[in-house]
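A short worksheet on the structure shown next.
Values reported hereafter were calculated over all heavy atoms of this structure, with side chains retained and with hydrogens, waters and symmetry mates removed.
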Amino acid sequence: MWRYASTYGELAPLSAVHVYVCYVTRALCYRHFVQITVCIMELYGGWMTFGPEWITGSKALDTSDPILLWLYLFFFNFLWVIIPAALLWQSWVDSCAAFSLKNKTK
């Protein structure tokens, strides 16, 4: 448990930088770099938290209660996949548009 809390505690400053860069000052040149980094780290963290449990048959997760299974394990953790995936897609589209515009101007 200490390792889990320590890992997410260390990511909190980077998440604060992400919120500042992406939503307070949208015009910074490194916005998409920070957004891609945080999104990939979030997706990786979600996989490393729940992936091994699902692969081994959920020995440490209580999946007998349907509320815990579908509300907590599925829905709320699904949000931690959908939101970073949507932001990752947004960065991909904006980066592709920027690179294609730069290639057209050459």
**Q.** Check: Leu87 and Ile36 side chains under 4.5 Å, non-hydrogen atoms
**A.**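 The answer is no; the side chains never approach within 4.5 Å.
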Answer with yes or no whether the hydrophobic clustering places [X] together with [Y]; edges join I, L, V, M, F, W, Y residues whose side-chain heavy atoms lie under 4.5 Å apart.
X: Tyr44; Y: Ile55; answer: yes
X: Ile40; Y: Met48; answer: no
X: Phe76; Y: Leu68; answer: no

Q) Does any N or O in the side chain of Ser95 come within less than 3.5 Å of the main-chain N or O of Trp92, such that one atom is a donor and the other an acceptor? A) no
Q | Atom pair CG/CD of Leu88 and Gln35 - distance to nearest 0.5 Å | A | 8.0 Å
(Q) How long is the straight-line distance from CG of Leu71 back to CZ of Phe78, given to the nearest 0.5 Å? (A)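 Those atoms lie 14.0 Å apart.
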Q.
Please give me the minimum heavy-atom distance between His32 and Gln90, naming the atom from each residue.
A.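 Heavy-atom minimum between the residues: CE1-O, 4.3 Å.
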Q) Closest heavy-atom contact between Leu79 and Pro84? A) O-CD, 3.8 Å
Q) How are the rings of Phe74 and Trp70 set relative to one another: parallel (under 30°), tilted (30 to 60°) or perpendicular (over 60°)? A)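 Rings of Phe74 and Trp70: perpendicular, as their planes differ by over 60°.
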